[in-house]
*Asks:* 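First the structure, then my questions, so here it is.
These numbers come from a predicted model, not from an experiment.
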Amino acid sequence: AITYEEYYALREGRLDSLYISIAVDFPVAMQNNDVLPSVQRQIKSEIFGDAYQDMEIQQAIEAYTAMLKTEYKQNNMPLVEERENALTEMIDAIYNEEQIISTMVMAVHKDIMSYAVERYVFMGGAHGSNYRIFYNFDLKTGELLHEKDLFVEGFETPMTELLLKNIVAQNEDFQLIEDMEEYGYNVDEIMPNDNFFLTDSALVYVFNQYEIVPYALGETEIAVSYDQLKDLLIDKERL
């Protein structure tokens with residue numbers, strides 16, 4: 001992994017800081033190296049933005065962190081200057097922020113590589129936000145795969161039924177779908193969301209904070225086995 005870590009204060013001697021931590025699992029070889037440059041470009045674009053996709057990975061990290069520091073200073077220095085006579089530890093803490101990025105290859109299943117980008121962002125307030133987005137690459141073409149590339153037209157309704165069935169089966173606190181509502185789940189929001197990764201035996205949907213449950217319950221994973229998906233696949237051998 002390529003890593004970067006820094007505490008960046010608004011001014012020398014201050015106790016506030018922007019904490020930046022980046023750890024990138026960056027593929028440098030794959031079974032079809034012809035598609036490697038395309039996959040690398042897309043990964044850099046998804047992590048940092050389109051403006052960084054043609055840079056070398058180390059250069060992209062340096063340019064991205066420089067942008068974060070510039071924004072942090074521009075957003076906060078005017079407020080600091082208004083409080084020049086109140087540079088206490090408590091006041092400094094108001095300006096603490098965090099930007100943490102971690103990426104990893106989750107799995108390679110047949111000709112598909114599942115890649116995760118996790119972000120934690122804290123910009124003040126009661127708590128930060130944490131979320132994971134997954135990208136599934138066709139290792140034959142280098143293209144990103146989405147649900148529409150894998151599943152037959154009209155898959156949404158039966159997939160929703162599988163998600164609801166499986167979340168109940170995978171949680172010992174639930175006996176019925178109705179039980180989920182008592183725990184704070186928004187059942188109407190549980191549906192295919194194109195945010196999934198592959199394992200050896202299942203496709204796993206991930207719902208981030210607030211998507212289907214309150215913040216306190218965090219992230220939700222729902223696994224759907226390949227056996228359950230066989231009638232929904234465009235290509236029965238794909239998964």
*Asks:* Could you go through Arg238 and Ile112, starting from their C-alpha distance and side-chain angles, then the distance that decides it, and tell me whether this counts as side chain to side chain contact (heavy atoms under 4.5 Å, CB included)?
*Replies:* CA-CA 9 Å; Arg238 194 67 196 269; Ile112 301 174; 4.1 Å; yes
*Asks:* Could you tell me whether a side-chain N or O of Arg119 sits under 3.5 Å from a main-chain N or O of Ile47, the two making a donor and an acceptor?
*Replies:* yes
*Asks:* Between the side chain of Tyr7 and the main-chain N/O of Ile20, is any donor-acceptor distance below 3.5 Å?
*Replies:* no
*Asks:* Does the pair Lys148/Glu153 count as a salt bridge with the N-to-O cut at 4.0 Å?
*Replies:* no
*Asks:* Ring centroid separation for His146 and Phe151, is it under 6.0 angstrom?
*Replies:* no
*Asks:* Just by distance, do the side chain of Glu221 and the backbone of Val204 share a donor-acceptor pair under 3.5 Å?
*Replies:* no
*Asks:* Are Val168 and Gln175 close enough that some pair of their side-chain heavy atoms sits under 4.5 Å apart?
*Replies:* no
*Asks:* Could you grab the distance from atom OG1 of Thr220 to atom CD1 of Ile222, nearest 0.5 Å is fine?
*Replies:* 6.5 Å
*Asks:* If you compare all heavy atoms of Asn33 against all heavy atoms of Ala29, which two are closest, and at what distance to 0.1 Å?
*Replies:* OD1-CA, 3.4 Å
*Asks:* In Å and rounded to the nearest 0.5 Å, what is the CD to CG distance from Gln31 to Leu139?
*Replies:* 5.0 Å
*Asks:* Between Asp16 (side chain only) and Asn96 (backbone N and O only), is there a donor and an acceptor less than 3.5 Å apart?
*Replies:* no
*Asks:* Tell me, do Tyr19 and Glu5 make a side-chain contact under 4.5 Å, heavy atoms counted?
*Replies:* yes
*Asks:* Check for a donor-acceptor pair, side chain of Asn208 on one end and backbone N or O of Arg132 on the other, with a separation under 3.5 Å.
*Replies:* yes
*Asks:* Taking the side chain as every heavy atom from C-beta outward, state whether Asn136 and Leu144 have any pair of such atoms under 4.5 Å apart.
*Replies:* no
*Asks:* Could you check Gln40, Arg41, Gln42 and say which one makes a side-chain hydrogen bond (donor to acceptor under 3.5 Å, both in side chains) with Ser38?
*Replies:* Gln42
*Asks:* Which atom names give the shortest non-hydrogen contact between Lys69 and Glu6, and what distance separates them?
*Replies:* NZ-OE1, 3.1 Å
*Asks:* Checking Gln209 against Asn130: is there a side-chain donor and acceptor pair closer than 3.5 Å?
*Replies:* no
*Asks:* With rounding to the nearest 0.5 angstrom, report the CD to CD distance, Glu181 to Glu178.
*Replies:* 6.5 Å
*Asks:* Would you say the side-chain atoms of Lys110 pair up with the backbone N or O of Glu237, donor to acceptor, closer than 3.5 Å?
*Replies:* yes
*Asks:* Would you say Tyr226's side chain and Ala202's backbone share a donor-acceptor pair under 3.5 angstrom?
*Replies:* yes
*Asks:* Determine yes or no for a side-chain-to-main-chain donor-acceptor pair under 3.5 angstrom, with Thr103 supplying the side chain and Ala116 the backbone.
*Replies:* no
*Asks:* Could you measure the distance from the OH atom of Tyr131 to the CG atom of Asn195? Nearest 0.5 Å is fine.
*Replies:* 11.5 Å
*Asks:* Establish, from distance only, whether the side-chain atoms of Gln99 and Tyr64 form a donor-acceptor pair under 3.5 Å.
*Replies:* no
*Asks:* Decide yes or no for Leu164 and Val187: does some side-chain heavy atom of the first lie under 4.5 Å from some side-chain heavy atom of the second?
*Replies:* yes
*Asks:* To the nearest 0.5 Å, how far apart are CE in Met191 and CD in Glu211?
*Replies:* 10.5 Å
*Asks:* When you check the gap from the basic side-chain N to the acidic O, do Lys44 and Glu56 get nearer than 4.0 Å?
*Replies:* no
*Asks:* With heavy-atom distances below 4.5 Å as the criterion, would you say the side chains of Ile177 and Lys165 are in contact?
*Replies:* no
*Asks:* Does Tyr135 have its ring centroid less than 6.0 Å away from the ring centroid of Phe197?
*Replies:* no
*Asks:* Does any N or O in the side chain of Asp149 come within less than 3.5 Å of the main-chain N or O of Leu145, such that one atom is a donor and the other an acceptor?
*Replies:* no
*Asks:* Could you walk me through whether Leu68 and Tyr72 pass side chain to side chain contact (heavy atoms under 4.5 Å, CB included), step by step?
*Replies:* CA-CA 6 Å; Leu68 290 178; Tyr72 174 64; over 6 Å; no
*Asks:* Any ion pair linking Lys140 and Asp138 (charged N to carboxylate O, less than 4.0 Å)?
*Replies:* no
*Asks:* For the atom pair OH (Tyr4) and CD (Glu62), what is the distance rounded to the nearest 0.5 Å?
*Replies:* 8.0 Å
*Asks:* Taking the ring centre of each residue, are Tyr115 and Phe134 less than 6.0 Å apart?
*Replies:* no
*Asks:* Ignoring hydrogens and angles, tell me if any N or O in the side chain of Gln228 forms a donor-acceptor pair with the backbone of Ser225 under 3.5 Å.
*Replies:* yes
*Asks:* Are Phe122 and His127 close enough that some pair of their side-chain heavy atoms sits under 4.5 Å apart?
*Replies:* no
